[in-house]
Every structure is written in C-alpha cells, then in structure tokens.
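Right, one structure below, let's go through it.
Just so we're on the same page: letters track the sequence lines, and every chain starts at 1.
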Amino acid sequence: MEYDFKSIEQKWQGVWEKEKICEAVDFSDKPKFYGLIEFPYPSGNGLHVGHLRAFTSIEIIARKRRLEGFNVLFPIGFDAFGLPTENYAMQTGKHPRVVTDDNIATFTRQLKAFGYSFDYSRVVDTTDKDYYKWTQWIFIQLFKRGLAYKSKAYVNYCEKCKVILANEESQGGVCDRCGSAVIQREKNVWFLKIRDYAEKLLDGLNDVDYLPRVKTEQINWIGKSQGAEIDFKVKGGVVPDAKIRVFTTRADTLFGVTFMVIAPEHPFISENEKNIRNMREIEDYRAETKKKNEFERTRVNKDKTGVRLDGVSAVNPVNGREIPVFISDYVTLDYGTGAVMAVPAHDTRDYEFAKKFGLDIIEVISGGDISKEAYTDINGGVLINSDFLNGRSVKDALKKITARLTEKGLGNVKVNYNMKDWAFNRQRYWGEPIPIVYCEKCGAVPVPESELPLVLPPLDSYKQTENGESPLANVESFVNCKCPVCGAPAKRETDTMPQWAGSSWYYLRYIDPKNDKALADFEKLKYFGPVDWYNGGMEHVTRHLIYSRFWNHFLYDIGAVPFKEPYKKRTAQGLVLGENGVKMSKSLGNVVSPDSLIKEAGADVLRLYIMFMGDYESPVPWSNASISGCRRFLDRVYNLLTLTDGNEGYSKKHTTLINRLIKKVGEDIEAMKFNTAIAAMMAFINEIYSDGYISKGELKAFLLLLYPFVPHLAEELNERLGYDTILAKSAYPKYDEKNLEDSAFELPVQINGKLKGTVIVEKDADLAAVKAAVLGNPSLSALLTDIKKEIYIPKKIINFIV
RNA sequence: GCCGGUGUGGUGGAAUGGCAGACGCGCUGGACUCAAAAUCCAGUGUACGCGAGUACGUGUCGGUUCGAGUCCGACCACCGGCACCA
C-alpha cells in the first residue's frame with residue numbers, strides 16, 4: 001500500500017513549527033551544536049537539486065544532534081546582493097529589492113516544503129540595511145587599520161559585466177559569471193590586504209578539521225614560497241649607485257646568473273628613461289604587454305619575448321660579473337619584486353629565454369645535461385663553478401649563501417605569497433555602498449559609524465554611466481555630501497562592495513540576528529561560536545571560504561569576535577550531474593526541478609534519494625528511475641505497521657540485528673556515508689520482511705534512525721504506533737556493545753588461499769573447535785589430506801595450506 | 001610542470017589486508033490479474049558444463065603476504081586544483 005505523503009508532510013511541518021523544535025535557544029544548559037550550510041543566492045530559478053544535496057547532509061546531522069540532546073543552531077539566510085538580480089531589474093524595470101523579496105519568498109516556500117529544520121526565526125538577508133550596516137562597519141574597521149586601501153592598479157576586468165573582478169573570480173582568465181575573457185585595465189581600485197593575513201590563514205589550518213583537499217586547495221592558493229631578496233647594483237643608471245632588488249627561491253644558483261629580467265611595468269624604467277638608449281623599442285614592448293590580458297600573458301610555454309635595456313647593466317653581488325638587463329612579460333610586477341635574476345642553467349623559463357637571445361648558460365649544479373635542458377632537481381647534484389659553495393648540496397648551499405648575503409647586507413630572507421590582495425569594489429548598484437567620503441582637504445574619510453547604514457538610494461535606471469561608473473554616480477543627492485571631518489562639501493564613493501562581502505561574516509549574524517548595537521553580542525558569540533560543522537561546495541574553497549576566514553581573523557584581532565577560526569569542521573558535497581553524466585545546465589536541457597519532483601514523489605522520498613544516490617563527496621548523475629527504489633522502500637516501511645506486535649522490547653532474534661543497525665547508521669551519518677547508512681536500513685527491512693514480524697520496540701528504534709533522513713513519515717508511523725511524544729522530542733537510540741555479535745556465525749574456509757566453503761562455528765571458537773567443524777564437513781575434509789599449516793584469524797577466516 | 005583524487009557488473013555504487021559486487025536501478029523468469037500497472041517470489045560478473053561444479057575476474061605490468069580491490073614499485077587513462085610565482 002502506498003502512503004499519502006502530501007497530507008503527512010504538511011501535517012508534520014505544522015507540528016514542528018508549533019512545537020518550535022527547530023529554534024535554537026540562547027544560553028541553554030544543553031551543549032550547543034552549530035551546523036551551517038552555505039546560504040543560497042536567491043536566484044529567479046529557485047532551488048536547484050545541488051542545493052538539496054548540500055543542505056540535506058547538515059539537516060540530517062542537525063536532526064540527529066537534537067535527538068542527542070544538543071541545543072542546535074541550524075540557520076538559513078540569503079546571500080542576495082549580486083549581478084543576476086540587478087540585470088533582471090534592468091530588463092524588467094522592477095526594483096532589485098522587489099525582485100529579491102520575490103525570490104526569497106520562493107526559496108523559503110521550497111525549503112519549507114522539504115521539511116528542512118532551519119531556524120526560521122533567525123533568517124538573515126545580506127541586502128537588508130540592518131544587516132549591511134554591519135558589513136559597512138567591518139569595512140570601516142579594515143579601513144581604519146590600513147587594511148583597506150585604494151590604489152591605481154591593473155585589474156581583471158570583464159567587459160561584458162562591466163565589473164572589476166578579484167583574482168578569485170577570474171580563475172583561468174575567464175569571468176566567473178558570464179564566462180567571457182577577462183582583460184587587464186588600469187583602474188582605481190579598493191583592495192583589502194588579505195595578503196597580510198596569509199600566514200594566519202595558513203597557520204589556522206592546523207587548528208581545524210577540514211577535508212584534506214580543502215586544506216590543500218587553500219594552501220596552493222595562498223602559495224607561500226620561502227626565498228631571499230638580493231640587491232644587484234646597476235651600472236649606467238641615472239642615480240650612480242642604484243640597485244635593483246630581485247626575489248629568488250634559489251639563491252644557491254647565484255653564481256650561475258647571466259642576465260636579469262624585470263617586469264615591463266617596473267618603475268626602474270621610467271626612472272631611468274634618460275639613460276636607456278632604446279627607449280622607443282621599450283615603449284613599444286610595454287604597449288604590447290598592456291594589450292594582453294593576464295591569461296594570455298601568463299600562459300605557460302608561450303614563446304619568450306623581451307627587449308634588452310641598452311645602456312644599463314647589473315652587477316652580480318657575489319662575483320662582480322656584469323650582466324645585461326631585459327624586460328619581458330614573463331616577469332610580473334605583482335609578485336616578488338618584479339625583477340628576477342636569471343639562471344638559465346637551472347630554470348626552465350630562463351633557459352628558454354637565454355636560448356632565444358643567445359645568452360650565456362653557466363652550469364652551477366652538477367647532475368644534468370644543460371646542453372639539452374635546464375636542470376632543476378634540487379635533490380640531485382652538488383654545486384660547481386661557485387667558489388665557496390663548491391661541493392655543497394643545494395640545501396646546504398642555500399643556507400650558506402643566504403647567511404653570507406645577510407651578513408654582508410646584500411640581501412635578506414624573504415617569504416612571498418602568490419595570493420593577491422582582494423579587489424573589493426564593483427561599479428554596480430546592487431551591493432553594499434562603500435562608506436567612504438572624498439574631501440579635497442581631508443582625503444578619503446570613512447562615514448561616521450553613527451550614520452550607518454549608508455543606504456542605497458532609489459534609482460530611475462540601473463545602467464552604468466557612460467564611462468563605466470556605478471549607477472550611483474548619477475544620483476546627486478547621494479554623491480554630494482559634507483566631509484565628516486571638516487564639514488566642507490565632499491563627494492561619496494559610488495562603488496559598491498563585491499558579492500563576497502556579505503557572505504564573509506553571515507555565520508556570525510545568525511547568532512544574534514537582530515542586534516543593533518554590534519554585529520553580534522559577544523557573550524552570544526562565545527556561546528554559539530564557532531561553527532561546529534560547515535558544509536558547502538568545493539568551488540567556494542578559494543573564494544568565500546578563504547575570504548570569510550580572513551574577516552574572522554581580523555574581527556578576532558580587533559576584539560569583535562572571541563574565536564580565530566570561524567569553522568571547526570568543513571566538508572563538501574560532490575556535484576549533482578544531469579542524467580547524461582554532464583554538468584546540469586539550462587542550455588543542455590538536463591536541469592531537474594525540485595518543484596515538480598516534490599509534487600510527484602514528496603519531500604521524504606527526495607531527501608532519501610539525494611542522500612542515497614552515491615558517495616556524498618563524489619559527483620553523481622541524477623537518475624529519475626532510481627528514485628522509485630526509495631519510494632518502494634518507504635512504502636515497505638509504511639506497511640511495517642501490519643507486521644507489528646505490541647512488544648516494547650527487542651525480540652531475541654532481532655536483538656543483534658537492531659543493535660548493529662543503530663551502530664552502523666549512527667557512525668555512517670557522522671562520516672557522511674549516508675548512502676551506506678540508507679543501504680543498511682534497507683537491508684534491515686528486507687530481513688524483517690523475510691522474518692514476517694517486527695516488535696513495537698524494534699520499529700520505534702528503527703523510526704528514530706530513519707527520522708533524520710525521512711522525518712515526516714517517521715513521525716507519522718511513530719504516532720500510529722501509539723506514542724504520544726513526537727520523535728523530534730525523543731532521544732536517539734543507543735546500541736549495546738554486548739549485542740553486536742551473534743553467538744554463532746559462518747566462518748569462510750580457504751585452502752591454499754582459495755575459498756572452498758564455510759562452516760558454522762561459535763564466535764569464540766578456538767582452532768581445535770574450528771578444525772573439528774571443518775573436518776566434519778565431508779566435501780572440505782576430503783581436500784585436507786596433508787595439512788602443512790593452518791592460519792586461523794578468529795571471527796575472520798581459516799586458511800589451510802596443504 | 002607541480003599538488004591532490006579516481007579507475008570495481010548492463011548501471012549508481014559497497015567492501016578495518018580475510019566469502020568482491022552489500023544496497024538500489026535495470027533486465028530475465030514466475031505468481032496475482034480477463035489484461036495491464038502496482039505488488040510479491042526467484043534469478044542476474046564472465047566463460048565452460050545438463051549438473052554438482054571448475055576456471056577466470058576490481059585500468060596495465062610486477063612485488064610483498066597463508067591471503068591483495070585494499071599495501072609497495074613502475075606505467076596507462078580520466079577528473080579536480082595551482083601555475084612563466086622567480
């Protein structure tokens with residue numbers, strides 16, 4: 001018999017709401033558990049099956065924790081600023097506020113239909129002025145401490161979206177949003193000094209329980225490298241004893257330097273224009289470089305190009321060798337010092353460059369064949385042609401040379417990071433206004449905190465200005481203001497913050513969502529924080545996850561937050577692919593809509609299926625056909641009522657079975673092995689059906705295990721069993737160690753390592769007993785004529801060598 | 001190039017060094033039905049065999065072990081991240 005999911009699901013959603021089982025309590029005596037999912041961007045398309053996979057895991061954990069006696073904070077909110085909404089507003093003329101509210105309403109309806117046990121009394125919306133007041137406040141704190149600064153810089157720019165992109169948003173030279181190629185543009189840009197926090201972000205990873213691949217990606221992204229800065233004197237420059245500083249991780253190869261390469265934008269060039277004889281050629285090359293976008297410029301294995309600076313040369317500080325100086329686009333200004341000492345014998349890029357320009361190649365480490373290629377192995381040979389370093393290993397030489405350079409004041413130890421500062425402004429309307437005022441006399445001045453929030457004014461048009469400024473630049477009443485310091489007429493910053501701003505601290509606001517005195521009450525932060533378990537997508541690991549860790553460390557440093565690391569544990573779900581095994585996308589027509597699914601199958605079936613479909617961390621294709629297996633399973637569970645007797649205990653036959661199930665399901669949930677937890681429950685039910693009965697106590701325990709996955713049906717059956725207490729207020733079942741094993745079991749028997757049969761033995765049987773059992777089996781004993789050796793692993797296997 | 005990960009039936013996927021393929025889908029046969037759907041029962045890695053069974057089988061090749069999907073070494077393929085990062 002099929003059960004009627006529609007009425008059951010509605011009924012129980014109502015009961016939970018009435019009983020407030022989803023609401024977290026401030027300062028409860030119970031231990032707290034803070035479970036978090038990445039809050040969605042409320043797009044016009046509504047909820048996606050990817051959301052379901054991401055949310056259902058922590059939903060299951062949260063429901064389980066409540067049964068385990070925790071005061072659970074499991075909140076939901078909306079990351080609602082952003083381009084799609086603004087574009088939609090532009091097309092339709094609707095205000096982004098209206099569009100956002102509509103979308104949030106749709107999302108909320110869908111989320112509730114799935115029975116997610118979010119605490120809806122703490123909903124956070126990043127576009128609410130009472131929320132972004134605090135986003136702006138954080139920006140001002142960063143600004144006051146010199147961690148937000150404005151400078152002219154070449155930035156990633158998307159011509160289609162007309163916005164500056166952070167490096168994190170333009171990976172691979174492609175715009176995160178629209179997929180078009182990113183170009184380089186010189187712009188006035190607000191940066192946040194995330195680089196200053198590189199070391200803290202690395203260190204902090206030691207204190208948290210993140211998936212290894214999450215940690216690895218962040219470590220790669222930060223890209224720490226230990227090296228040295230070395231000064232090379234310049235001959236022929238405008239200033240007689242000028243120096244160019246290079247950064248290298250291979251100071252050991254210093255005797256192999258045969259030329260120097262500096263970035264085309266290196267300030268040395270303009271400072272020494274007078275003395276560079278081929279300035280026109282240099283200018284041409286610089287112009288070429290500017291045209292290239294960053295992706296083109298940094299593409300690997302591109303032909304090396306460059307121009308020598310005629311009239312100047314550099315001097316190797318250790319041997320006085322005079323070397324030519326080149327500009328080339330393979331050296332960039334934003335890493336290290338924008339200048340490198342070239343060692344063609346032991347660096348692939350320098351090697352190519354030297355070959356192309358016919359430059360000397362001096363081998364200083366033995367072991368390779370530098371007539372063919374650069375020798376870059378640092379564990380291989382020893383130093384040669386290197387004076388006092390000769391005969392040393394690379395590691396040894398590195399220490400020695402670094403010490404020598406430091407001692408003589410020619411260089412110093414230096415750590416560099418690949419991670420760039422965070423480009424933080426967008427020329428758009430639907431974002432948090434950057435709370436800065438420009439005064440001719442006082443410069444850039446923050447808006448006084450008492451005047452926050454700085455609210456977005458209404459607009460007639462969301463189009464950017466002719467020269468690509470934010471639409472806010474058209475609103476005179478917004479732009480013109482008084483300097484908060486001197487009172488003179490001043491102008492406001494018209495750029496807004498990137499979408500990543502609001503999401504960088506939302507987990508804090510959930511703890512105290514209505515506070516108007518602080519971003520959250522410090523005592524409440526102490527009680528609920530940090531997040532115990534955070535689940536989200538791998539695509540956010542080098543974006544949102546790193547940004548929010550940065551902000552949290554900063555807020556900790558200024559005393560606004562009582563913990564350094566925001567998330568104790570971080571897991572990630574795999575992608576949900578289309579039925580054809582490729583990424584779901586509208587253009588491929590393989591998108592699955594939750595709305596129609598829930599009508600056909602119901603929330604419980606879908607929740608179960610999405611957790612059953614495969615390994616949680618791996619990508620997995622959607623399969624409409626497979627959903628029916630979950631439906632059948634739940635129908636079978638529903639029909640268990642007909643097999644139940646009134647016995648509150650466990651039957652003798654099922655005691656081991658149910659104890660094992662409790663252990664298995666509980667452990668699998670904690671390990672996010674939801675698919676095998678469900679498989680175990682299915683196997684249990686199959687067993688029950690083949691036995692033809694289940695006691696009331698067994699069914700109750702089973703329903704509690706099922707409840708986190710399939711809460712509506714579990715509640716319904718619990719009620720029909722005659723229990724007054726709803727499952728949501730019950731306790732999670734416990735297993736008894738003593739009852740995990742049957743007294744007798746089937747032991748596999750191998751002969752010469754090959755399986756030949758099984759025998760039934762007591763679980764504590766000794767070798768003699770097992771042997772007796774094997775010999776008692778005629779087909780096995782026939783094979784055991786000449787036993788040379790016996791290997792018996794109790795409870796596992798016995799192997800005879802004959 | 002560097003750093004991760006993965007490779008198992010028709011299919012999604014299970015297996016602390018100990019019975020490979022749990023559980024689900026699909027498929028085949030049967031029951032119920034006038035019939036179909038639903039449901040229930042049985043079967044379902046490959047090859048050979050009427051059969052009990054035998055041999056082979058977790059990307060490839062080798063090794064360790066009484067015993068390897070699992071550990072080690074070499075390789076192949078695919079996926080993800082980083083990348084002229086000095």
Side-chain angles (χ1 to χ4, degrees), chain A residues 1-2 171-172 211-225 227-228 246-250 253 261 263 297-304 328-332 334-343 347-350 352-353 376 416-420 538-539 541-542 574-575 577 581 608-609 612-615 617-630 632-633 635-636 639 673 675-686 689-690 746-758 779 788-793 795-802:
Chain A
M1 194 175 108
E2 289 184 23
Q171 294 177 21
L211 282 185
R213 59 193 170 127
V214 172
K215 281 194 188 183
T216 309
E217 279 195 22
Q218 292 212 341
I219 290 166
N220 284 348
W221 183 256
I222 294 167
K224 178 177 180 172
S225 58
V246 301
F247 174 73
T248 179
T249 54
R250 293 297 306 277
T253 61
V261 185
R297 184 169 161 182
T298 59
R299 200 178 63 223
V300 191
N301 297 331
K302 178 173 63 82
D303 260 3
K304 293 286 176 292
S328 172
D329 61 9
Y330 82 86
V331 175
T332 56
D334 53 14
Y335 183 77
T337 59
V340 304
M341 56 177 230
V343 187
D347 181 282
T348 325
R349 296 150 297 171
D350 299 345
E352 283 169 29
F353 195 88
T376 56
N416 262 315
Y417 303 93
N418 290 344
M419 182 172 62
K420 312 256 195 301
M538 284 306 291
E539 69 275 19
V541 165
T542 54
L575 226 51
L577 307 171
L608 192 69
Y609 171 65
F612 181 61
M613 60 198 297
D615 175 38
E617 286 177 23
S618 307
V620 64
W622 186 265
S623 164
N624 273 320
S626 296
I627 295 176
S628 59
C630 292
R632 275 177 209 150
F633 169 62
D635 281 333
R636 276 157 75 81
N639 291 323
K673 294 167 79 173
N675 53 337
T676 51
I678 295 164
M681 290 191 282
M682 289 173 167
F684 174 80
I685 293 306
N686 291 345
Y689 269 94
S690 71
E746 248 186 20
L747 183 81
V749 179
Q750 287 185 341
I751 293 170
N752 289 346
K754 299 221 172 207
L755 185 76
K756 293 292 173 186
T758 60
S779 58
K788 293 213 172 75
K789 195 176 168 187
E790 295 135 351
I791 298 132
Y792 173 47
I793 314 293
K795 295 177 194 175
K796 295 279 186 202
I797 205 159
I798 185 155
N799 189 6
F800 296 97
I801 311 301
V802 297

Which glycosidic conformation, syn or anti, is assigned to B/G30 if syn requires a torsion within 90° of zero?
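Anti, which is what one calls it when the glycosidic angle falls more than 90° from 0.
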
Select one nucleotide: of [options], the one nearest the side-chain heavy atoms of [X].
{"X": "A/Ile801", "options": "B/U54, B/C66, B/G12", "result": "B/C66"}
{"X": "A/Asn675", "options": "B/G13, B/A86, B/A83", "result": "B/G13"}
{"X": "A/Arg349", "options": "B/A86, B/A83, B/C25", "result": "B/A86"}
{"X": "A/Asn686", "options": "B/G24, B/C56, B/G26", "result": "B/G24"}

Any N or O donor-acceptor pair under 3.5 Å from the base of B/C82 to the side chain of A/Asn220?
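No pair found.
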
Quick check: closest heavy atoms across A/Gly336 and A/Phe247, and the distance to 0.1 Å?
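Distance-wise, the nearest heavy atoms are CA-CB, 4.1 Å.
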
Within the 3.5 Å criterion, strictly below it, is a donor on A/Tyr330 or A/Asp350 matched to an acceptor on the partner's side chain?
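Yes.
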
Between the side chains of A/Tyr335 and A/Ser225, is a donor N or O closer than 3.5 angstrom to an acceptor N or O?
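Their side chains do contain a donor-acceptor pair, which is all the 3.5 Å distance test asks for.
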
A/Glu746 near the nucleic acid: base, sugar-phosphate alone, or nothing, with a heavy-atom cut-off under 4.0 Å?
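Base, at least one base heavy atom under 4.0 Å.
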
Applying the Watson-Crick and G-U wobble criteria at under 3.5 Å, what pairs with B/U44? Answer none if nothing qualifies.
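With both distances under 3.5 Å, B/U44 matches B/G26.
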
If you find the nucleotide of RNA chain B closest to A/Asp347 and the one closest to A/Tyr689, which residue's nucleotide is nearer the 5' end?
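Here A/Tyr689 is the residue nearer the 5' end.
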
Closer to the 5' end of RNA chain B via nearest nucleotide, is it A/Val620 or A/Pro748?
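This one resolves to A/Val620.
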
Distance between the P atoms of B/G26 and B/G59, in whole angstroms?
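Pairwise P distance, B/G26 against B/G59, rounds to 27 Å.
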
